[in-house]
Amino acid sequence: MTVRTRIAPSPTGDPHVGTAYVALFNYCFARKSGGQFILRIEDTDMARSNPQSQEAILNSLRWLGLDWDEGPDVGGPHGPYQQSLRGEIYRQHVARLLEEGHAFRCFCTSERLAELRKAQQPAGLRPGYDGRCLGLSQAEVEQLLRDNVPYVIRMKVPEQGVCEMTDLLRGRIEIGWDMVDMQVLLKQDGMPTYHLANVVDDHLMGITHVIRGEEWINSTPKHLLLYDYFGWEKPVFCHLPLLRNPDKSKLSKRKNPTSLVYYQRMGFLPEAMLNYLGLMAWSMPEGEEKLSLAEMVEKFDLAHISLGGPVFDIKKLSWLNGRWVREDLSDEQYAERVQKWALNREYLMPIAALTKQRVSILSDLGPLTAFFFSGELPVKAADFEDKKVPVEVSRKAFARALEEFDALGCWDKQAIGALFKQLCDEFQSKLRDFLRPFYVAITGSPTSTPLFDSMEILGRDLCRARLRRALEVLKGANS
RNA sequence: GGCGCUAUCGUCUAGGGGUUAGGACGUGAGAUUCUCAAUCUCAAAACCCGGGUUCGAUUCCCGGUAGCGCUACCA
């Protein structure tokens, strides 16, 4: 049996470092075992999934060099590798579960379910479906179908006993079936939920080892049950610890840069990124810390993964990156990397358009655009002193903007501009005054290239990081 | 709240019934270099708590505590 693993990202946002982290282990395990590594897009959430995100995720994983043997872009014998294109497959499988009595139609409205939960919570009950539609007679179901009442399909779950599972890293885990909800398998829109799609695809795609984040442990019983219902052989399950913020919570963009695009823009090398991600969970007995992807593949051992949730430490990542730059790049290669990083046509063109009107001689360009080629800016509290805008207002405005950044669907100058106009109204300020502190935070100076354009070029994560930094700087300042 | 997972320096980790508990990042001090960076040396810094088992537990077992996760027609 050849080992087959997969990474199955959901295209609902920026490419996440956690995705790269899980992908790395799947990649190493597959390569080490001489097996295949597959990329599958889990875009069953029609409301949140979008093609830009999918494209960005693929680009980031390619940037890192984690190449996949089968996937939406390269094809393969088990395609399509995009779940939104596999609707018919899921519907057929659900029909089978329905026929065999392992699943049932549920006509309950989301309002009723919300009320149900509201009643369960204070009563100390586990929130979950109460099985009302399980009691529907055949005739009642047929009538509801004739009336075109919308429904979902849920899986049946044993009422008693415990589900025993084996995790490759943690050994035996037991979860009582009474803790498992009658999970929706097929949503009202005809799309499957993760639980169904994941099991069906993993089986059909011949996945032998499911290596995924720890957050899935509690729903594994549902998956195991589905394998049993279908009569399929189960893969090996292996749950990886979750990456953490410095405060130990699950790594999130609110508190930390999580986008691979950010790290790319900051000028981290893919080699260092991958190396560091690997270091988060295991280490070499000899203590060497600098490892190439090939070396990691060669020495990789799932059993050596430590289980504590590791804090993502940018300082150590930077140190490692420095080693890669110093020790592995010739002057020429280094120059090429710099060029590829930001001194390339694609990045420079919009900057050229922005600066042409603002220079007299070409050497004005350096100071004018330094912030486009920097990470965090060395701003001080004094830089934010402004005759018309009290520091306290800036601070509040930064905090509000930071909140709204995430909600912004599309990161372009129109959207950014609209957001700032809205915030400006909210603060009942003049746009010119309101924006000045943002210029300082984002570009390092109150006079610079146009803010919205500059922000679009810099990207969401870098702007977020700079605003966060400005907020930090202002924390100790008195207005 | 319920359920689950986890627990070694501030951080990432090694180790494991008897060790001066090892390495790395970061921090501090020094050396070196025209400055800086890099490099080198040194230093401070950890086995969550309580019970068992044992001649002996940081290590094994149990309990607690804490952290995290899950508890959606999101993944």
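From a predicted model like this one, the values you see are computed outputs, not experimental measurements. In the text below, chain A, chain B and the rest are named by the order of the sequence lines, each starting its count at 1.
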Closest of B:C68, B:G23, B:C3 to the A:Lys316 side chain is B:G23
In terms of relative ring orientation, are A:Trp216 and A:His195 parallel, tilted or perpendicular, with 30° and 60° separating the classes? perpendicular
How would you label the contact of A:Ser249 with the nucleic acid (heavy atoms, under 4.0 Å): base, sugar-phosphate, or nothing? sugar-phosphate
Heavy atoms under 4.0 Å, any strand shown: does A:Gln188 hit a base, just sugar-phosphate, or nothing? base
Describe the nucleic acid contact of A:Thr44 in one word from base, sugar-phosphate, nothing, applying a heavy-atom distance below 4.0 Å. sugar-phosphate
Which comes earlier along RNA chain B counting from the 5' end, the contact point of A:Gly308 or that of A:Arg244, where each point is its nearest nucleotide? A:Gly308
Examine distances only and state if a side-chain atom of A:Asp167 and a backbone atom of A:Leu169 form a donor-acceptor pair shorter than 3.5 Å. yes
Do the side-chain N and O atoms of A:Glu100 and A:Tyr229 include a donor-acceptor pair separated by under 3.5 angstrom? no
Integer angstrom distance from the C1' of B:G2 to that of B:C60: 30 Å
Using a heavy-atom cut-off of under 4.0 Å over every strand shown, decide if A:Cys108 touches base, sugar-phosphate, or nothing. base
Complementary nucleotide of B:U20, counting Watson-Crick and G-U pairs under 3.5 Å: none
For A:Val152, answer base if it contacts any base atom (sugar-phosphate contacts may also be present), sugar-phosphate if it contacts only those atoms, and nothing otherwise; contact means non-hydrogen atoms under 4.0 Å. base
Base B:C74 to side chain A:Arg48, donor-acceptor N/O within 3.5 Å cut-off: yes
Does B:A14 pair with anything, Watson-Crick or G-U wobble, both distances under 3.5 Å, and if so, with which nucleotide? none
